[in-house]
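I have a structure here, written as structure tokens, and I will follow up with some questions on it.
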Amino acid sequence: SSQPLTLKSLKVRAMDTQEGVPSMPSFDFHGIDQKLVDRMVYDSLVWSSLHGLVVGDKSVQASINLILMLDYRIVQGQRSGKVPGVGMVHAPFALLPMPFPETHWKQACEVAPIFNELVDRVSLDAKFLQDSLSRTKKVDAFTSRLLDIHSKMLDINKKEEIRLGLHRSDYMLDEQTKSLLQIEMNTISSSFAGLSSLVSDLHRSLLDNYGKLLNLDSKRVPGNTAASQFADALAKAWTEYNNPRSTVMVVAQADERNMYDQHWLSSLLKERYPFHVNVPVEEKWIVEGFVPQLYDTHNITSIRKTLAEIDAEGELQADGSLMVDGQAISVIYFRAGYTPTDYPSESEWRARLLLEQSSAVKCPSISYHLVGTKKIQQELAKPNVLERFLDNKEDIAKLRKCFAGLWSLDNSDIVNKAIERPELFVMKPQREGGGNNIYGNDVREALKALQKEGTEEDAAYILMQRIFPTVFSTFLLRDGICHKDDAISELGIYGAYLRNKERVIINEQCGYLMRTKVSSSDEGGVAAGFAVLDSLYLT
Ligand code: ADP
Ligand code: MG
Ligand code: MG
């Protein structure tokens, strides 16, 4: 017999901001019956398996015999990241949704279209992008290569008339100031639109069954249509390009354990879904609950190619259109190409340039990609910079309210402060995909080393105010095993933007991603193994 348990009562206590080290849990789940937890764990594992809330399983290795029979290339890696349907495991997730204040949720949703517009405006200011990144270019080879492609497009006066952005703006709720602060804006390969929609459904389903015992209401978990809205945006871009025989091309990594998240979008472009994956975004679900709908198919085919394959199989036609492997490509959706390891040779860089030169719609274009760098985030946070790109004063104020402290390392006052109190800062290079930032004492060491060198290496980094969200006790599930731990969350809000010349076709918020990580870990990536997928419970 379990006592009602509210999410509020799960609250532990704030991180010790003095040291940046979380305190040990002082609260235990006295109220929750272990048997109930076990039942929910079991049900949620079954649900994940049946609904495609899955990722490739690292622990699945190919047996040599099977490899030889199938394809020698598979020897290079593990089949679970290459062959769909082989070696799957449920995606790591939190058993229960994270409590989150409704006011901050609304605030995050409200700014999504403004950020979409900002990205578009900034992308058109080539000089701003080149100037802001000019020092970084000298010391960061990866950013430099991206800027070279950008310059080449300027030289040939390349215009992107149809522009598609599938973004995700990430936030943490700072406990002390109660403010929603942006961690970063992702403009390339914004992941988990597919799987996050499922986690919200899973939590609603669990609360439909067990909510009474927990004193929780499934309707307080907002519906999440990220997957179908992203698919809709890709479909509308395809329509704008206006070649009915063309396909969407997903640029993928050769070995991708998060392939199912991507396959969800391809599948939604092609198939008909009679259930949860497509529901319109309407406030009323929160009140009235969820209404299943039949979803009309877009019937658009997509193909998956690596950058190396594109280099080998891709060619530009005389009219600038792109053919890959004999197929006309109208929309290029990047789920690779955001990190230096995606470019092991010149072949991949050639492919990226080829794609950029083509008339296909790129999600993202090289300009959109550059707008999403940490350096640009920091430049946009400087006084009077937003005003250069946006007209509406209220919009500007709304965005600025979400900006945390961001600084360039040529500001010696802030560098000295960070050496003194490194726990209050995060040091970030121009990288994506998690696992690249510097925290705690390493910040001090890195800054001192840079000072000693006295070179321009410092331009590779920015400094950011460290945000300390409220710590909650949470059940985290990974590999079928449930752990209870103290955790903090990061809320990502998806945004889709599509325009053709002066006509804005889509500018909307598209569902969300909640990621929860053990509070003792600095980094947060789900794919990188630091965090689990979650949803939110409005409080
Ligand atoms: P990436 O593009 O690699 O995802 P992020 O800027 O999102 O880089 O940083 C990765 C992770 O580091 C975030 O998901 C978050 O968990 C943590 N992090 C980043 N910035 C901050 C910050 N200012 N305060 C606290 N944690 C942060
Ligand atoms: Mg990122
Ligand atoms: Mg991130």
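What's counted below: heavy atoms across the whole structure, side chains too, no hydrogens, waters or symmetry copies. Everything numeric in this text was worked out from a predicted model, so none of it was measured. Nothing fancy with the numbering, it's 1 onward along the sequence.
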Is it true that a side-chain atom of Lys270 and a backbone atom of Ser302 form a donor plus acceptor pair closer than 3.5 Å? no
Could you report the tightest heavy-atom contact between Ala226 and Ser196, atom names first, then the distance? CB-OG, 4.3 Å
Side chain proximity check, Asn500 to Lys236, heavy atoms < 4.5 angstrom: no
Between Arg220 and Leu538 (side chain of the first, backbone of the second, donor and acceptor by atom type, cut-off under 3.5 Å), is there such a pair? yes
Is there a side-chain hydrogen bond (donor to acceptor under 3.5 Å, both in side chains) between Glu271 and Ser267? Walk through the geometry before answering. CA-CA 6 Å; Glu271 318 263 352; Ser267 179; 4.5 Å; no
Smallest separation among heavy atoms of Ile329 and Ile332, with atom names: CG2-CG1, 4.0 Å
Hey, what's the ring geometry for Phe115 with Tyr171, parallel, tilted or perpendicular (30° and 60° as the breaks)? tilted
Return the minimal non-hydrogen interatomic distance between Leu268 and Ala231, and the atom names on each side. CB-CB, 3.6 Å
Determine the minimum heavy-atom distance between Pro84 and Met259, stating which atoms define it. CA-SD, 3.9 Å
Cys402 vs Gln107 side-chain heavy atoms within contact, under 4.5 Å: yes
Is a donor on one side and an acceptor on the other found under 3.5 Å between the side chain of Arg304 and the backbone of Val251? no
Stepwise ring pair (Phe, Tyr, Trp, His ring centres under 6.0 Å) check, Tyr368 with His167: CA-CA 10 Å; Tyr368 269 38; His167 309 310; 5.7 Å; yes
Does the pair Lys374/Glu432 count as a salt bridge with the N-to-O cut at 4.0 Å? yes
Trace of the side chain to side chain contact (heavy atoms under 4.5 Å, CB included) decision for Ser246 with Gln327: CA-CA 7 Å; Ser246 69; Gln327 297 186 76; over 6 Å; no
By salt bridge (charged side-chain N to carboxylate O under 4.0 Å, His left out) - contacts of Lys362 (at least two apart): Glu160
Quick test of your reading of the model: are Glu117 and Arg121 salt-bridged, counting only N-O distances below 4.0 Å? yes
Looking just at side-chain N and O atoms, do Gln262 and Glu256 make a donor-acceptor pair shorter than 3.5 Å? yes
Candidates Met249, Gln357, Gln317 - the one meeting side-chain contact (heavy atoms from CB on, under 4.5 Å) with Leu322: Met249
CD on Glu508 to OG1 on Thr225, rounded to 0.5 Å: 8.5 Å
Taking all heavy atoms of Ala487 and all of Met98, pick out the closest pair and write down the distance. O-CE, 3.9 Å
Determine whether Asn186 and Glu184 satisfy the following criterion, side-chain hydrogen bond (donor to acceptor under 3.5 Å, both in side chains), listing intermediate values before the conclusion. CA-CA 6 Å; Asn186 294 290; Glu184 64 155 344; 3.1 Å; yes
Tell me every residue that passes side-chain contact (heavy atoms from CB on, under 4.5 Å) with Met88, counting only those two or more places apart in sequence or in another chain. Val54, Tyr260
Looking at Pro340, is its backbone amide N or carbonyl O close enough to the side chain of Asp342 to form a donor-acceptor pair, meaning the two atoms are under 3.5 Å apart? no
Pair Tyr343-Arg145, side-chain donor/acceptor within less than 3.5 Å: no
So, Asp534 side chain and Thr516 main chain: donor-acceptor pair closer than 3.5 Å or not? no
Atom pair OG (Ser520) and CG (Asp485), whose distance is rounded to the nearest 0.5 Å: 6.0 Å
So, does Lys158 use its side chain to make a donor-acceptor pair with the main chain of Ser358 at under 3.5 Å? yes
Report the distance from atom OH of Tyr241 to atom CD1 of Ile162, rounding to the nearest 0.5 Å. 8.0 Å
For the pair Ser123 (side chain) and Asp120 (backbone), establish whether a donor and an acceptor sit closer than 3.5 Å, ignoring hydrogens and angles. yes
Got a sec, which residues hit side-chain contact (heavy atoms from CB on, under 4.5 Å) with Ala404, two or more places apart in sequence or on another chain? Leu181, Met464, Gln465, Ile467
Find the distance between CG (Leu316) and OG (Ser359) and round it off to the nearest 0.5 Å. 8.0 Å
Output all residues satisfying salt bridge (charged side-chain N to carboxylate O under 4.0 Å, His left out) with Glu315, sequence neighbours left out; order by chain, then residue number. none
Please examine the side chains of Thr187 and Met185, heavy atoms only from C-beta on, and report whether any two atoms are closer than 4.5 Å. yes
Measure from the side-chain N and O atoms of Arg503 to the backbone N and O of Ile505, and report whether any donor-acceptor pair falls under 3.5 Å. no
Pair Leu354-Ile310, side chain to side chain contact (heavy atoms under 4.5 Å, CB included): steps then yes or no: CA-CA 9 Å; Leu354 179 88; Ile310 292 163; 4.2 Å; yes
side-chain contact (heavy atoms from CB on, under 4.5 Å) with Leu477: which residues, sequence neighbours excluded? Val41, Ser44, Leu45, His90, Phe93, Leu95, Cys482
Determine whether Val331 and Leu164 satisfy the following criterion, side chain to side chain contact (heavy atoms under 4.5 Å, CB included), listing intermediate values before the conclusion. CA-CA 9 Å; Val331 181; Leu164 172 64; 4.2 Å; yes
Distance, nearest 0.5 Å, that separates NE2 of His51 from CG of Leu198: 8.0 Å
With ring pair (Phe, Tyr, Trp, His ring centres under 6.0 Å) as the rule and sequence neighbours excluded, what pairs involving residues 477-499 come up? Phe230-Tyr494
Whether Arg257 and Asp57 form a salt bridge (side-chain N of Lys/Arg under 4.0 Å from carboxylate O of Asp/Glu) is what I want to check. no
Would Asp217 and Tyr537 count as having a side-chain donor-acceptor pair, cut-off 3.5 Å? no
With distance as the sole criterion, is a donor-acceptor pair present between the side chains of Asn243 and Ser330 under 3.5 Å? no
Do any N or O atoms from the side chain of Trp349 and from the backbone of Leu146 form a donor-acceptor pair under 3.5 angstrom? no
Using modelled atom types and a 3.5 Å cut-off, is there a donor and acceptor pairing between side-chain atoms of Ser197 and backbone atoms of Ala193? yes
If I take atom CG from residue Asp38 and atom CG from residue Asp43, how far apart are they, to the nearest 0.5 angstrom? 11.0 Å
Take Asn299 and Leu269 through the side chain to side chain contact (heavy atoms under 4.5 Å, CB included) test and state the conclusion after the steps. CA-CA 6 Å; Asn299 198 20; Leu269 277 173; over 6 Å; no
Using side-chain hydrogen bond (donor to acceptor under 3.5 Å, both in side chains), reason through Tyr512 and Ser535 one step at a time and then give a plain yes or no. CA-CA 8 Å; Tyr512 61 95; Ser535 73; 4.5 Å; no
Within the 4.5 Å heavy-atom criterion, are Tyr333 and Arg335 side-chain neighbours or not? yes
Walk me through it: do Glu102 and Lys106 pass the test salt bridge (Lys or Arg N to Asp or Glu O under 4.0 Å)? CA-CA 6 Å; Glu102 189 164 359; Lys106 287 197 166 139; 3.5 Å; yes
Measure across Ala108 and Ile493 and return the closest heavy-atom pair with its distance rounded to 0.1 Å. CB-CG1, 3.7 Å
